[in-house]
Amino acid sequence: MAEGNALHDKSLQATEIEADVAKQGGLLGRKVFALDCVTSTNEVARKLGNEGYPEGTLVIAEEQSSGKGRYERSWFSPPHKGLWFSMILRPQTQHDKISLLTLLAGLAIANAVEQTLQLAPSIKWPNDLLFDGQKFCGVLAEGQSVGNSVAFIVLGIGINVNHKMGDFPEELQPTATSLRIKAGRPVGRAALLSCILSSFEELYSNFNKGNHAEAVRAWEKRCPWVAKRAQIHIDNRVIEGVFEGIDRLGRARLRLVNGELAVLTAGELGTA
Ligand code: BT5
């Protein structure tokens with residue numbers, strides 16, 4: 001096989017991921033379902049959450065036939081090339097959890113990519129990880145409600161790991177990239193996953209104790225849009241101002257031309 005693909009394309013094994021998590025004393029990934037092809041790992045994790053599977057249960061697939069983005073968009077998830085996975089979280093805090101968990105996941109992935117590949121990605125609010133404006137990772141956190149409260153959260157992460165540019169459909173080629181393209185060599189998925197899980201575990205533990213301030217500062221350092229003119233698109237509206245970073249709940253702070261501060265929980269950030 002070309003370029004050592006035998007090693008890098010080896011299917012991810014539940015027992016190996018579980019053993020690695022146990023060795024590190026981790027909670028996230030103690031129970032793993034490593035599957036071949038699923039519709040969406042978020043959907044499988046949601047079903048397991050409804051069946052009562054505990055926090056830290058992880059679903060990972062080699063391929064998704066209907067990988068999901070936000071707002072009913074699709075996420076391109078071809079076999080063996082990426083890390084497509086979802087975790088069940090049952091957070092203890094009553095804060096608005098979904099926005100902040102999305103940001104903490106982005107920060108954990110950026111930290112892990114830097115640690116394993118010595119590459120520093122940027123984070124774009126709320127859920128994109130990029131190199132030079134091209135996206136290699138997206139995060140989709142979804143709450144499962146029971147009555148009026150959120151019973152659990154499914155945190156879904158999609159990372160383009162070993163794609164070559166020709167592996168992307170034409171329409172994604174101008175805006176997408178992968179870790180392999182940026183590193184200039186194939187990237188081992190198991191080691192990267194292990195690093196992401198331990199980085200996220202630490203951030204999540206602080207989050208459960210209500211300590212977010214340091215993570216918010218670290219997130220802002222990785223976001224080149226901070227202190228720049230920006231637009232946030234929400235539904236059909238565009239709000240313009242200076243992006244002042246995020247508040248302690250992960251909401252975007254946009255200083256409008258009239259001096260007022262807009263605080264936004266959802267939307268799409270772009271340069272003005
Ligand atoms: C996201 O949505 O970026 C969230 C993606 C989350 C995917 C993971 S994979 C595991 C778990 N299971 C799932 O079903 N989903 C999660 P959004 O910000 O809405 O971006 C979606 C847009 O990104 C699409 O409309 C495309 O333009 C683009 N896109 C789709 N696939 C891509 C890819 N593989 N790489 C880069 N860009 C992509």
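In listed order, ligands and their atoms are each counted from 1. This one's a predicted model, so the numbers in the text were calculated from it and none came from an experiment. Position 1 is the first residue of the sequence, and the numbers go up from there.
- Ring pair F243/W125 is tilted by interplanar angle, where 30° to 60° counts as tilted.
- Contacts of S74 with ligand 1, taken as heavy-atom pairs under 4.0 Å, involve the backbone alone.
- Counting only heavy atoms from C-beta outward, the side chains of N42 and K68 approach each other to under 4.5 Å.
- When the options L130, V154, L172 are ranked by their closest heavy atom to atom 26 (C) of ligand 1, first place goes to L172.
- Checking H163, R70, M87, E142 against atom 2 (O) of ligand 1, the nearest heavy atom belongs to R70.
- For N160, a nitrogen or oxygen atom sits less than 3.5 Å from a nitrogen or oxygen atom of ligand 1, counting backbone and side chain alike.
- With contacts defined as side-chain heavy-atom distances shorter than 4.5 Å, the pair Q64/T41 qualifies.
- The part of Q64 lying near ligand 1 is the side chain, judged by heavy-atom distances below 4.0 Å.
- In terms of protein heavy atoms, atom 1 (C) of ligand 1 is closest to N127 ND2, 3.4 Å.
- Checked by atom type and distance alone, the side chain of W84 pairs as donor or acceptor with a backbone atom of P78 at under 3.5 Å.
- With a 4.0 Å cut-off on non-hydrogen atoms, V139 touches ligand 1 through its backbone and not its side chain.
- Using the six-membered ring where Trp is involved, F131 and F136 have ring planes that are parallel, under 30° apart on the 30 and 60° scheme.
- Of the protein's non-hydrogen atoms, the one nearest atom 17 (P) of ligand 1 is R73 NH1, 3.5 Å.
- Hydrophobic clustering of Ile, Leu, Val, Met, Phe, Trp and Tyr side chains at less than 4.5 Å, counting indirect connections, keeps V32 apart from V154.
- Using a 4.0 Å cut-off between heavy atoms, F85 contacts ligand 1 through its backbone alone, with no side-chain atom that close.
- Of all protein heavy atoms, the one closest to atom 31 (N) of ligand 1 is F76 N, 2.9 Å.
- At the top of the distance list for atom 37 (N) of ligand 1, counting protein heavy atoms only, stands W75 CZ3, 3.8 Å.
- Q24 and S194 share a side-chain donor-acceptor pair at under 3.5 Å.
- Smallest separation of non-hydrogen atoms from I153 and P91: CD1-CG, 4.1 Å.
- Closest to atom 6 (C) of ligand 1, if we only count protein heavy atoms, is K68 O, 3.5 Å.
- For atom 20 (O) of ligand 1, the closest non-hydrogen atom on the protein side is K135 NZ, 3.1 Å.
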